[in-house]
2 protein chains.
Amino acid sequence: MTAGRTGRKRPTISDVAKRAGVTKGAVSRALNNGTGVSSGTRERIRQAAVELGWSPSYAARALNGKPLGTIGLVVRRPPEILDFDAFFASFLSGIESVLSGEEHATVIRFVPDAHTEAATYERLFNDRFVDGFLVTDLRVDDERPAMLRRLGAPAVVVGAPEGSSDFPTITNDSEDAIRGLVRHLVAGGHRRIAHVQGDPGMLHALQRRWHWEKAARDAGVDPGPVEYGSYTIEGGAQATERILALPERPTAIFYGSDLMAIGGYSVLGDAGLSIPGDMAVAGFDDIALASFTSPPLTTVRSKHRALGSAGARLLLDMLKGQEAPASTTLGGELQIRESAG
Amino acid sequence: MTAGRTGRKRPTISDVAKRAGVTKGAVSRALNNGTGVSSGTRERIRQAAVELGWSPSYAARALNGKPLGTIGLVVRRPPEILDFDAFFASFLSGIESVLSGEEHATVIRFVPDAHTEAATYERLFNDRFVDGFLVTDLRVDDERPAMLRRLGAPAVVVGAPEGSSDFPTITNDSEDAIRGLVRHLVAGGHRRIAHVQGDPGMLHALQRRWHWEKAARDAGVDPGPVEYGSYTIEGGAQATERILALPERPTAIFYGSDLMAIGGYSVLGDAGLSIPGDMAVAGFDDIALASFTSPPLTTVRSKHRALGSAGARLLLDMLKGQEAPASTTLGGELQIRESAG
DNA sequence: CTGAAAGCGCTAACAG
DNA sequence: CTGTTAGCGCTTTCAG
């Protein structure tokens with residue numbers, strides 16, 4: 001495949017040096033800084049390198065504290081979410097779309113608990129196995145920003161509210177879209193709008209809840225009951241059951257994810273309630289399925305892929321030494337279909 | 001966080017050695033082989049290591065040809081497929097579910113072309129940046145098995161037919177399910193069954209086509225027309241248009257992916273054709289959406305996650321030096337719903 | 001069983 | 001501008 005592979009082992013920098021009639025040091029300088037070498041020998045060295053099909057060893061470079069061209073993604077969630085959840089696959093897709101053009105690789109690690117999570121960040125970076133991190137799922141009192149700061153690791157936080165950490169942040173701001181949704185509901189005569197949300201320890205879940213509350217108040221109605229559950233069909237179904245059991249039943253439910261809303265559909269159906277006639281329903285994410293449910297689901301589209309690509313792009317820029325904006329915001333988009341009246 | 005972090009830098013093996021009153025060599029032996037050291041000093045060394053919170057440097061180990069605990073996944077497809085395609089996100093989910101329990105990380109790289117693909121495999125492994133590979137999307141005349149063999153890289157091929165390479169293979173065998181589907185169609189009176197498939201350069205696409213052909217012949221009907229397109233909604237829509245333009249129109253279409261089938265739905269609908277009345281439709285994958293389309297889509301369920309987990313498990317076993325079976329087969333499963341009569 | 005020493009492939013500081 | 005020299009942190013001989 002590659003030219004010059006005479007022996008079994010790959011060529012080292014010494015081979016290149018020998019062939020170019022210089023020393024390792026010269027090769028290193030020529031090919032890294034491009035400085036400290038006359039353009040003549042530099043060319044000779046470059047030649048020798050391609051003839052030998054040489055490329056520097058990641059390990060040796062890492063041992064000298066050089067960046068490897070990798071970014072780390074450590075995820076403290078069960079790996080199944082890649083399969084179920086709307087977010088991660090799209091997010092990853094966004095990341096890869098910029099990395100693939102930049103000769104960078106992604107190092108992914110799913111971890112079960114906070115302790116492993118911390119240890120993983122630490123090892124990955126202390127050894128410069130990754131050049132920096134994309135941090136997602138920021139939680140209330142999340143210790144990662146402080147730890148990463150301490151490690152001196154470059155990082156960008158993705159999907160968290162502005163100012164939630166002192167790292168550059170890509171924010172997913174759905175405030176306007178959620179406000180639009182609530183207005184739509186209120187205009188349709190709804191006064192009691194419930195909210196079903198995922199893990200309240202997640203900053204983005206909290207944020208969406210605030211937006212819903214604020215929008216409700218601003219529209220002159222009291223925020224209805226709130227239920228929590230996992231971001232899955234089952235989680236949504238269970239939360240819906242709890243809501244239906246409430247003494248004062250709401251007339252609309254805003255779910256924190258489309259999957260949860262779909263779980264709601266089945267419970268509402270079983271209870272003989274029609275959508276949106278007896279209960280208006282709205283989701284969040286706008287997954288592919290949302291336009292195929294019956295009735296089609298009104299939801300807030302969230303730009304998962306863009307979050308990934310913007311995060312990756314920003315991190316790459318930072319790694320190149322560029323100044324990073326404290327925060328970049330991507331807006332959500334209200335998708336009105338038929339489930340919310 | 002970690003105990004013993006007095007200074008700014010992390011402890012090295014020398015620190016551990018000093019604290020235990022031995023030399024680096026002894027520490028290395030004690031903690032790796034566990035041999036060549038008296039159990040007394042071994043314990044002392046272990047103590048010192050935990051007190052210092054020491055863990056070996058990836059880079060230094062890699063430089064000595066030791067495995068890092070990483071497996072590589074290089075994908076020659078546009079990164080968008082993570083978002084659209086049913087396969088990759090689930091597959092990755094399966095991989096991660098076994099890796100997360102084994103302290104292994106995944107190194108992912110999306111590449112645009114065959115040349116970059118080859119170079120990526122080579123660099124990643126020559127430098128032992130990854131311990132082995134999971135290879136997917138095997139193509140006709142794929143050069144990767146030979147190249148990986150030449151590199152001496154451990155690998156398991158996933159989702160390809162048995163015997164398609166000399167690497168251990170996790171096969172996704174849908175022959176029975178496809179046969180069941182064709183029988184179902186033929187029993188429903190269909191004599192002309194078309195097939196829409198994705199990239200014919202992919203071995204798995206070819207394989208499914210063969211299974212369909214064979215099943216048709218065995219059921220006593222001639223295999224109908226075949227159209228190719230990308231594995232997307234648009235790809236399916238376009239292929240469907242071509243089929244509808246055919247002089248002898250089939251009465252059933254078997255699509256190589258659910259997404260393609262959904263693309264078919266809209267074209268058929270636009271043409272005023274009812275499903276399954278005027279045209280029976282079947283898909284492949286059984287994505288979440290499949291049971292929500294109208295009519296619900298009859299399809300062949302494929303075990304994407306299991307493919308990932310089985311592949312990862314097998315590769316890990318191989319890396320531990322265990323003998324690997326030449327081939328492991330996961331069967332598909334026919335999901336009869338309403339779109340195919 | 002243990003210590004000493006060489007070396008993995010590269011970078012960076014220092015002389016010349 | 002170029003060569004030489006130390007290391008980076010670890011593993012692995014090889015003596016003792």
Side-chain angles (χ1 to χ4, degrees), chain A residues 7-46 48-49 52-69 122-129 131, chain B residues 4-5 7-46 48-49 52-69 122-129 131:
Chain A
R8 278 229 56 73
K9 287 179 62 69
R10 69 190 293 224
T12 76
I13 197 173
S14 299
D15 299 327
V16 177
K18 211 166 297 167
R19 183 176 249 268
V22 294
T23 55
K24 303 189 306 177
V27 176
S28 178
R29 267 168 289 165
L31 268 29
N32 285 325
N33 312 328
T35 173
V37 195
S38 75
S39 63
T41 43
R42 175 162 53 247
E43 198 38 51
R44 196 149 34 90
I45 290 172
R46 213 185 292 282
L52 258 40
W54 176 82
S55 60
S57 151
Y58 288 123
R61 305 194 85 192
L63 201 49
N64 289 289
K66 294 262 120 180
L68 284 187
E122 214 168 314
R123 284 210 64 189
L124 245 30
F125 188 73
N126 268 334
D127 213 32
R128 297 303 187 276
F129 197 75
D131 304 338
Chain B
R5 297 184 100 260
R8 278 228 54 73
K9 288 181 60 66
R10 67 192 293 222
T12 76
I13 198 173
S14 300
D15 299 326
V16 178
K18 212 167 296 169
R19 183 176 250 268
V22 294
T23 55
K24 304 188 304 177
V27 175
S28 178
R29 269 168 287 168
L31 267 29
N32 286 325
N33 314 325
T35 173
V37 195
S38 76
S39 63
T41 43
R42 175 162 53 246
E43 197 38 51
R44 197 150 33 90
I45 290 171
R46 213 185 292 283
L52 259 39
W54 175 82
S55 59
S57 150
Y58 288 121
R61 304 193 86 192
L63 202 49
N64 290 290
K66 294 261 123 180
L68 284 186
E122 214 169 312
R123 285 212 63 188
L124 246 28
F125 187 73
N126 268 335
D127 211 33
R128 296 306 186 274
F129 196 75
D131 304 338

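Residue numbering restarts at 1 for every chain, and letters A, B, ... go by the order of the sequence lines. Remember, it's a predicted structure, so these values are computed and weren't measured experimentally.
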Checklist entry - B/K18 has an atom NZ; how far is it from atom P of C/dG3, in whole Å? => result 14 Å
Next on the checklist: Check the phosphate of D/dG9 against B/T12, side-chain N and O only, distance under 4.0 Å to OP1 or OP2. Yes or no?
Outcome noted: no
Next on the checklist: When you compare the side chain of B/T41 with that of B/R44, does any pair of heavy atoms fall below 4.5 Å?
Outcome noted: yes
Item to check | Nearest-nucleotide pick for B/T23, side chain only, options being C/dA4, C/dG9, D/dC10 | outcome: C/dA4
Next on the checklist: Without decimals, in angstroms, what is the distance between B/I45 CD1 and C/dG3 C1'?
Outcome noted: 12 Å
Checklist entry - Side chain of B/R29, base of C/dG3: donor and acceptor closer than 3.5 Å? => result yes
Next on the checklist: Please determine whether a side-chain nitrogen or oxygen atom of B/N32 lies at a distance below 4.0 Å from atom OP1 or OP2 of D/dT11.
Outcome noted: yes
Checklist entry - At under 4.0 Å, does any side-chain N or O of A/K66 touch on OP1 or OP2 of C/dA12? => result yes
Checklist outcome for this item: A/I13 atom CD1 is separated from D/dT4 atom C1', nearest whole Å, by 14 Å
Checklist entry - Side chains of B/R10 and A/D127: does their closest heavy-atom pair fall under 4.5 Å? => result yes
Checklist entry - Any donor-acceptor pair under 3.5 Å linking the side chain of B/R29 with the backbone of B/G25? => result yes
Item to check | Side-chain N or O of B/S14 closer than 4.0 Å to phosphate OP1/OP2 of D/dC10 | outcome: no
Checklist outcome for this item: Walking DNA chain D from its 5' end, the first of B/A26 and B/A59 to be reached, judged by nearest nucleotide, is B/A59
Checklist entry - Rounded to the Å, how far apart are B/N64 CG and D/dC8 P? => result 15 Å
Item to check | Interatomic distance where CZ belongs to B/R128 and C1' belongs to C/dC10 [whole Å] | outcome: 18 Å
Item to check | Closest-nucleotide ordering on DNA chain C, the 5'-leading residue of B/D127 and B/G21 | outcome: B/G21
Item to check | Donor-acceptor pair, side chain of B/D15 and main chain of B/L52, under 3.5 angstrom | outcome: no
Checklist outcome for this item: Closest to the side chain of A/V22, out of D/dG3, D/dT11, C/dT11, is D/dG3
Item to check | Ring centroid separation B/Y58 to B/F129 under 6.0 Å | outcome: no
Checklist entry - What nucleotide, of C/dA4, D/dC10, C/dT11, holds the atom closest to the side chain of B/P56? => result D/dC10
Checklist entry - OP1 or OP2 of C/dT11 sitting under 4.0 Å from any side-chain N/O of A/R61? => result yes
Checklist entry - Roughly, in whole Å, what's the span from CH2 in B/W54 to P in D/dT11? => result 6 Å
Checklist entry - Nearest nucleotide by nearest heavy atom, which residue falls closer to the 5' end of DNA chain C, B/G25 or A/G25? => result B/G25
Next on the checklist: Under 4.0 Å, counting only non-hydrogen atoms across every strand here, what does B/S28 touch: a base, just sugar-phosphate, or nothing?
Outcome noted: base
Checklist entry - Within the structure shown, what part of the strands sits under 4.0 Å from B/G40 by heavy-atom distance: base, sugar-phosphate, or nothing? => result nothing
Checklist entry - B/L63 CG to D/dG7 P: how many Å, rounded? => result 17 Å
Checklist outcome for this item: From NZ of B/K24 across to C1' of C/dA5 the rounded distance in Å is 9 Å
Checklist entry - Considering only D/dG7, D/dT11, C/dT2, which nucleotide approaches the side chain of B/S38 most closely? => result C/dT2
Item to check | Side-chain donor/acceptor of B/R19 to backbone N/O of B/V16, under 3.5 Å | outcome: no
